[in-house]
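In each ligand, atom 1 is the first atom listed, and ligand 1 is the first ligand listed. The figures here come from the full heavy-atom set of this structure, side chains too, leaving out hydrogens, waters and symmetry mates.
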Amino acid sequence: MPIRVLEKEVVSRIAAGEVVERPASVVKELVENSLDASSSQISIEVRGGGIGLIRVMDNGVGIPSGEVELAFDRYATSKIGSLDDLESINSLGFRGEALPSIAAVAQVDIVTCTVGESVGSYLSLKDGIAENKRSQGRSPGTTVTVRNLFRKVPARLKFLKSPATENSHIANVVCQYALAFPGVRFALFIDGRVVLRTPGNGQLIDSVIQVYGLEVAQNMLEIRSRDEDWESRAATSLPLVTGMIGSPAISRSSRSYLSFFVNRRWISSRLLAWAVDEAYHGLLMAGKHPVAIINISLPLNEVDVNIHPTKTEVKFQNERTVLGAVQKAIRRTLIEMAPVPKIEEVATAYGAPSPPRQLLWTPAESGISPTYSPPVAEQIPAVSLPVLRVLGQLASSYIIAEGPDGLYLIDQHAAHERILFEKIKRQRSHQEVEVQGLLEPVAFEVNPRQDEALKAHYENLAEFGFSIEPFGDRTYLVRAVPVLLHHKDWGGAVKELLDSLSGGDEGDWIEKIAISIACHSAVRAGQELTDDEMRELIRQLEQVATPHTCPHGRPIMIRLSSEQLRREFGRS
Ligand code: ADP
Ligand code: MG
């Protein structure tokens with residue numbers, strides 16, 4: 001085929017693909033536009049997973065009648081005017097790509113009116129081309145309605161997940177902006193249901209209550225800026241860190257409760273997530289993550305937001321300073337706000353932060369640096385276990401056992417988790433799940449994101465022994481739970497599970513549910529076991545199909561072979 005310039009329509013469709021990946025991207029762009037328009041109220045309506053309809057209504061400044069069509073031209077923006085402006089962007093949008101991109105892959109109409117105009121304007125577009133324009137009454141503000149998203153892009157449609165998953169992505173976007181802008185009243189309706197409503201009173205805690213629920217909100221600590229921060233900031237333009245963080249008591253098993261906003265732009269950053277985790281070092285169990293809403297304010301010219309079409313990544317001029325400031329603010333809040341002894345208690349209860357573990361028996365000549373060396377665990381071939389003799393328990397967490405070929409240290413929690421995991425899956429596939437009815441149904445409240453996941457997975461949960469039914473706004477009645485979780489924190493297990501199901505890959509929900517039940521019902525580290533209990537646990541472990549790793553993939557045991565022992569003691 002000869003080289004030729006692509007037609008305008010093809011170019012628009014390609015470019016749209018970068019901005020509009022899924023329905024949640026449309027919601028994100030439209031909400032950003034409403035925020036840039038200084039709205040104090042934003043209402044979002046979604047139907048059919050966002051494919052059927054997305055409508056965002058605001059009370060912002062509106063678009064003057066003469067500019068409505070222009071707003072849908074590619075690279076048409078009112079937010080920057082020159083190359084210099086690109087250095088200091090203080091709006092969420094600036095690329096002038098959202099409206100044309102959305103219009104290229106959906107049917108769009110807009111009704112908008114500015115304060116100065118007596119009547120507003122209506123414009124509808126099809127395939128990105130203006131079709132109908134007329135005057136229409138409206139109070140100041142803008143309503144954009146998007147229908148039949150991706151109807152003409154079957155490749156995209158195919159890639160989308162179930163409506164429930166798309167809804168949960170949408171709920172997440174709106175929740176994030178509700179956290180970033182507590183001064184704006186948000187309302188989100190999905191298929192006619194109220195999913196989120198924030199008061200818009202400027203208090204972050206009130207947004208947190210709506211987004212994460214009361215239980216989380218009660219355990220949030222405010223990151224206080226200190227006067228000296230302001231002073232040093234003025235002098236050195238240090239980043240200012242504000243927001244709220246969760247006390248260690250409400251840790252989560254995923255990072256989805258970490259929100260970062262740079263100059264109020266919602267961004268994702270693995271480095272920042274890592275920095276926050278680090279700041280909690282020693283306060284959370286391994287594999288747990290905190291809840292945190294971190295606002296970073298810094299001079300506009302010290303952050304480059306023009307990295308990616310979706311504007312979700314940024315580049316800091318001085319990354320280290322930013323990471324350092326975030327860690328310092330969190331650490332200080334944790335220390336100041338929680339009584340000191342409590343922190344120490346938590347730290348010891350969860351085991352002191354482990355320095356890189358050095359295994360005594362790492363062969364010196366192997367050249368492996370003296371740090372944690374998981375290969376020892378991997379050396380154990382993935383076949384069933386030999387018969388083991390229990391010798392005792394170490395640190396209330398590990399079982400010491402002797403086998404024909406050496407010494408075994410077995411992580412009791414991981415081992416039990418594996419045993420239960422296989423049992424739970426077996427029971428489910430044979431439809432022999434043991435269910436415990438609750439004496440009284442228990443009301444169970446979830447956050448908007450969890451709500452979407454729960455709606456999608458009721459029946460799946462029932463297969464594992466949960467009887468859960470809707471009971472009003474984001475509240476459910478739980479009538480029965482798996483026997484394994486009776487008298488355990490089944491609420492925590494379900495919430496954690498919903499977090500891991502929301503937005504993620506749904507394919508392996510069976511695994512996820514089984515893992516979550518197993519993890520919450522297994523013996524904990526720190527729990528003393530009798531000899532009989534240890535023997536029983538080892539006996540069961542000998543029977544499982546994969547006794548060497550827990551369902552999360554972590555090693556269950558490490559072995560010190562007789563040969564290693566001899567070598568360590570200098571005998572050949
Ligand atoms: P960008 O946000 O990058 O400028 P968009 O394509 O999203 O590009 O929007 C184009 C322009 O349309 C904006 O610059 C703004 O002037 C106007 N606009 C879009 N949405 C709204 C809204 N909700 N309220 C007021 N003006 C809007
Ligand atoms: Mg925009």
Of all the atoms in ligand 1, which lie at a distance below 4.0 Å from a heavy atom belonging to [X]?
{"X": "Arg95", "value": "3 (O)"}
{"X": "Thr77", "value": "1 (P), 4 (O), 14 (O)"}
{"X": "Ala71", "value": "10 (C), 12 (O)"}
{"X": "Ala76", "value": "10 (C)"}
{"X": "Pro100", "value": "6 (O)"}
{"X": "Ala37", "value": "24 (N), 25 (C)"}
{"X": "Gly93", "value": "2 (O), 3 (O)"}

Between [X] and [Y], a side-chain donor and acceptor under 3.5 Å:
{"X": "Asn59", "Y": "Ser139", "answer": "no"}
{"X": "Tyr476", "Y": "Glu445", "answer": "no"}
{"X": "Thr143", "Y": "Arg138", "answer": "yes"}

Students should be able to answer this: which protein heavy-atom is nearest to atom 21 (C) of ligand 1, and at what distance?
Asn33 CB, 3.9 Å
Using a 4.0 Å heavy-atom threshold (strictly under), name the region of [X] that reaches ligand 1: side chain, backbone, both or neither.
{"X": "Ser101", "answer": "neither"}
{"X": "Phe72", "answer": "neither"}
{"X": "Asp58", "answer": "side chain"}
{"X": "Thr142", "answer": "side chain"}

side-chain hydrogen bond (donor to acceptor under 3.5 Å, both in side chains) assessment of Ser168 paired with Thr165
CA-CA 5 Å; Ser168 108; Thr165 301; 6.0 Å; no
Option set Gly141, Ser78, Gly96, criterion heavy-atom distance to atom 8 (O) of ligand 1, minimum
Gly96
Is the distance from the ring center of Tyr257 to that of Tyr212 below 6.0 Å?
yes
Out of the candidates Thr198, Ile42, Leu196, only one should pair with Leu188 under the side chain to side chain contact (heavy atoms under 4.5 Å, CB included) rule; please name it.
Leu196
So, is Val61 polar-close to ligand 1, with some N/O to N/O distance under 3.5 Å?
no
Tell me whether Phe94 has any N or O atom under 3.5 angstrom from an N or O of ligand 1.
yes
Between [X] and [Y], is there a side-chain N and carboxylate O pair less than 4.0 Å apart?
{"X": "Glu496", "Y": "Lys288", "result": "yes"}
{"X": "Lys495", "Y": "Glu215", "result": "yes"}
{"X": "Asp109", "Y": "Arg147", "result": "yes"}

Report yes or no: does a heavy atom of Lys79 sit under 4.0 Å from some atom of ligand 1?
yes
Show your working on side-chain hydrogen bond (donor to acceptor under 3.5 Å, both in side chains) between Gln210 and Ser207 and close with a plain yes or no.
CA-CA 5 Å; Gln210 296 307 319; Ser207 301; over 6 Å; no
Confirm or rule out an N/O/S atom of Thr77, from backbone or side chain, lying less than 2.8 Å from the Mg ion (ligand 2).
no
Whether Lys158 engages the ring of Phe150 as a cation-pi pair (distance to the six-membered ring centre under 6.0 angstrom, angle to the ring normal within 45°) should be assessed.
no
